[in-house]
S.K.: 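One structure, pasted below without further comment.
Within every chain, numbering begins at 1; the chains are lettered A, B, ... in the order of the sequence lines, protein sequences first and strands thereafter.
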Protein chains: 2
Amino acid sequence: MEQKNPIQVAGRIFDVMELLAESGSIGLMDLSGELGLNKTTAYRVLSSLIYMGYARQDEATGKYEPTLKIVDMANKIMSKVDVVQIVRPHLRKLMEATGETVHFVERDGTDAVYIDKVESFTNGIQMVSRIGSRIPLYCSGVGKAMVAQMDEWEAEEIWNSSEIVSLTPYTVTDYSEFKKELELVRQRGYALDNEENEIGVRCIACSLKDVMGKVKYAFSISAPVSRMDNDRIHELTGYVLEAGREMEEQLAGGAG
Amino acid sequence: MEQKNPIQVAGRIFDVMELLAESGSIGLMDLSGELGLNKTTAYRVLSSLIYMGYARQDEATGKYEPTLKIVDMANKIMSKVDVVQIVRPHLRKLMEATGETVHFVERDGTDAVYIDKVESFTNGIQMVSRIGSRIPLYCSGVGKAMVAQMDEWEAEEIWNSSEIVSLTPYTVTDYSEFKKELELVRQRGYALDNEENEIGVRCIACSLKDVMGKVKYAFSISAPVSRMDNDRIHELTGYVLEAGREMEEQLAGGAG
DNA sequence: AAAATTGGTTTCACAATATGAAACATAGAA
DNA sequence: TTCTATGTTTCATATTGTGAAACCAATTTT
């Protein structure tokens with residue numbers, strides 16, 4: 001058994017918040033059923049959330065919904081993530097130059113966490129990425145870009161700790177194949193994701209080192225395959241590498 | 001006394017989260033001191049937050065920080081706010097046409113809550129608005145734009161329930177003056193904020209009705225006074241009213 | 001219209017759970 | 001070394017959260 005929450009209610013409270021966020025609007029019975037909570041307990045948790053201003057109850061339907069107080073908190077958190085402040089102008093520039101949506105991630109264990117994105121204007125199809133959401137390193141462009149710059153043992157550790165699943169028919173699930181791919185990434189200076197993570201989406205990614213010289217960040221341009229044939233990839237590569245150079249320089253200089 | 005939290009720890013948990021968000025990184029002692037919590041209690045709360053993945057402890061310094069899990073939750077919440085999906089393209093268009101930052105708010109009691117913003121690219125000076133943060137109705141462009149379209153009694157109720165303070169020398173703190181201003185807004189179709197809320201910032205705002213025909217939303221273009229003389233305001237007015245018409249139409253049609 | 005069902009709200013006796021004083025551990029400063 | 005400042009763990013205690021059951025108010029069914 002993997003140790004329990006030092007505060008029982010805390011788990012319940014966040015479960016409720018999470019469910020409110022997920023559903024947008026939900027009734028007491030559905031909620032308590034979904035979470036396996038006693039009706040009264042669920043009610044008390046909701047009352048508490050309302051008391052604190054994180055939830056509200058719809059007058060008409062009696063259903064419960066989240067307020068935007070969490071969103072405010074989230075934005076406070078983001079405003080403190082100073083890497084974002086530094087790289088955003090570059091990401092914008094890259095988006096303008098290419099017309100495609102740009103993502104920026106930070107490594108966290110065997111995952112990458114989205115910490116910024118700049119969406120393309122023209123782009124009809126929107127990527128479903130969300131700031132704060134995660135993507136595994138082993139099957140994403142940004143992930144491969146980062147792992148490629150790590151020591152062999154670390155790459156292997158990440159592979160072994162990851163739960164390898166075929167998300168699409170193109171997902172690499174064999175370690176030796178993965179290693180070959182990494183070698184390619186090192187040669188080119190950027191990584192490609194050919195629908196390995198989500199069908200219909202290709203992306204070009206490049207990693208960045210932090211102040212300590214450790215691989216920590218990566219960014220990517222992603223677009224539907226229809227706009228990402230080999231010629232286009234070749235064309236975009238230049239922009240990506242250029243942006244990478246600029247950002248790396250500024251990140252290093254910022255807090256030497 | 002105004003009734004207490006049905007779950008005591010809940011308050012403490014969110015106080016801690018809020019403080020983590022605010023400070024970015026904080027030690028146990030500072031935290032417990034700041035919140036008036038017992039050292040052990042603070043420690044337990046933090047342990048619980050870490051257990052759930054909402055906080056982490058810096059290996060090197062021992063200090064505690066928020067993770068991005070809350071941010072993910074916040075974005076889930078925002079993705080459910082469908083008004084945003086509808087109006088964003090219009091806000092973008094407005095930003096592109098004017099080159100100025102555009103805000104979109106929803107009324108909540110005597111406040112307006114920011115639910116979307118599109119920042120101008122060129123803009124050197126960044127507004128400090130945050131999605132989810134609040135601004136009083138009585139002293140903001142968006143607020144006046146909304147109140148102007150309400151019944152007299154509702155306007156008065158809002159005024160009386162608001163805590164009127166002079167945020168700047170230009171803030172209107174007299175009700176009869178406020179009413180005159182509202183009359184002007186009705187005539188023009190848009191509201192102006194001449195540094196009434198923040199010195200150095202002017203904005204043009206316009207309100208929108210929801211599906212039920214109730215005044216519920218508003219949007220604004222804001223910019224530093226240096227770029228907002230009377231000529232410029234006159235020039236921008238057209239864009240604002242145009243955007244307002246388009247959005248109102250689409251909001252009404254969406255779920256008739 | 002009466003009865004039954006459904007969802008939200010309140011009460012209350014009980015014990016599980018959060019509490020905080022105090023002791024402990026560790027690292028850096030004097 | 002000793003002192004001081006932080007973070008961590010223990011443990012006896014009662015405060016706090018718990019959930020069964022009763023309650024209320026709309027709907028829906030009969």
S.K.: Would you give me the side-chain donor-acceptor pairs under 3.5 Å for residues 29-36 of chain A, sequence neighbours excluded?
M.R.:
| from | atom 1 | to | atom 2 | distance (Å) |
| --- | --- | --- | --- | --- |
| Ser32(A) | OG | Leu28(A) | O | 3.4 |
| Ser32(A) | OG | Met29(A) | O | 3.2 |

S.K.: Can you check the Asp58(B) CG to dA27(C) P distance for me, whole Å?
M.R.: 15 Å
S.K.: Is there a salt bridge (charged side-chain N to carboxylate O under 4.0 Å, His left out) between Glu156(A) and Lys179(A)? Walk through the geometry before answering.
M.R.: CA-CA 9 Å; Glu156(A) 194 167 343; Lys179(A) 282 206 291 187; 6.0 Å; no
S.K.: Main chain of Thr40(A), side chain of Asn38(A): is a donor-acceptor contact present, judged purely on distance under 3.5 Å?
M.R.: yes
S.K.: So does Leu20(B) get a backbone contact from the side chain of Lys80(A), meaning a donor-acceptor N/O pair under 3.5 Å?
M.R.: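 Between the backbone of Leu20(B) and the side chain of Lys80(A) there is no qualifying donor-acceptor contact (under 3.5 Å).
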S.K.: Can you check whether Tyr64(A) has a side-chain N or O nearer than 4.0 Å to OP1 or OP2 of dT9(C)?
M.R.: yes
S.K.: Roughly how many Å is it from OH in Tyr51(B) to P in dT8(D), rounded to a whole number?
M.R.: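 To the nearest whole Å, that distance equals 18 Å.
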S.K.: Is Thr67(A) reaching over with its side chain to a backbone N or O of Gly53(A), donor-acceptor style, under 3.5 angstrom?
M.R.: yes
S.K.: Between P on dT17(C) and CD1 on Ile13(A), what's the gap in Å once rounded to a whole number?
M.R.: 14 Å
S.K.: Going through the checks in order, is the salt bridge (charged side-chain N to carboxylate O under 4.0 Å, His left out) test met by Asp193(B) and Lys144(B)?
M.R.: CA-CA 9 Å; Asp193(B) 165 2; Lys144(B) 289 193 294 182; 5.9 Å; no
S.K.: Less than 4.0 angstrom from a charged side-chain N to a carboxylate O is my criterion; do Lys76(B) and Glu22(A) meet it?
M.R.: yes
S.K.: From NZ of Lys63(A) over to P of dT9(C), roughly how many Å is that when rounded to an integer?
M.R.: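 It works out to 13 Å between those atoms.
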S.K.: Quantified as the angle between the terminal helix axes (five pairs each), what is the overall bend of the helix from dA1(C)-dT30(D) to dA30(C)-dT1(D) to 10 degrees?
M.R.: 30°
S.K.: Mind telling me whether Trp159(B) and Phe178(B) have parallel, tilted or perpendicular rings, with 30° and 60° as the class edges?
M.R.: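 Ring orientation of Phe178(B) relative to Trp159(B): tilted.
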S.K.: In whole angstroms, how far is the C1' atom of dT9(C) from the OH atom of Tyr43(A)?
M.R.: 5 Å
S.K.: Set out, line by line, the N/O atom pairs under 3.5 Å between protein and nucleotides 13-21 of chain D.
M.R.:
| from | atom 1 | to | atom 2 | distance (Å) |
| --- | --- | --- | --- | --- |
| dT16(D) | OP1 | Gln8(B) | NE2 | 2.7 |
| dG17(D) | OP1 | Gln8(B) | N | 2.5 |
| dG17(D) | OP1 | Val9(B) | N | 3.4 |
| dT18(D) | OP1 | Gln8(A) | OE1 | 3.2 |
| dT18(D) | OP1 | Arg12(A) | NH1 | 2.7 |
| dT18(D) | OP2 | Arg44(A) | NH1 | 2.9 |
| dG19(D) | OP2 | Thr41(A) | OG1 | 2.8 |
| dG19(D) | N7 | Arg44(A) | NH2 | 3.2 |
| dA20(D) | OP2 | Asn38(A) | ND2 | 3.1 |
| dA20(D) | N6 | Thr40(A) | OG1 | 2.9 |

S.K.: Is a donor from one side chain sitting under 3.5 angstrom from an acceptor on the other, for Ser48(A) and Asn5(B)?
M.R.: yes
S.K.: If you compare every side-chain N and O of Gln57(A) against the phosphate oxygens of dG8(C) (OP1, OP2), does one of them come in below 4.0 Å?
M.R.: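 No, outside the criterion.
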S.K.: How long is the line joining CG of Leu31(B) and C1' of dT6(D), in whole Å?
M.R.: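 So the CG-C1' distance, Leu31(B) to dT6(D), works out to 13 Å.
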S.K.: Can you measure Leu28(B) atom CG to dA25(C) atom P for me and round it to whole angstrom units?
M.R.: 18 Å
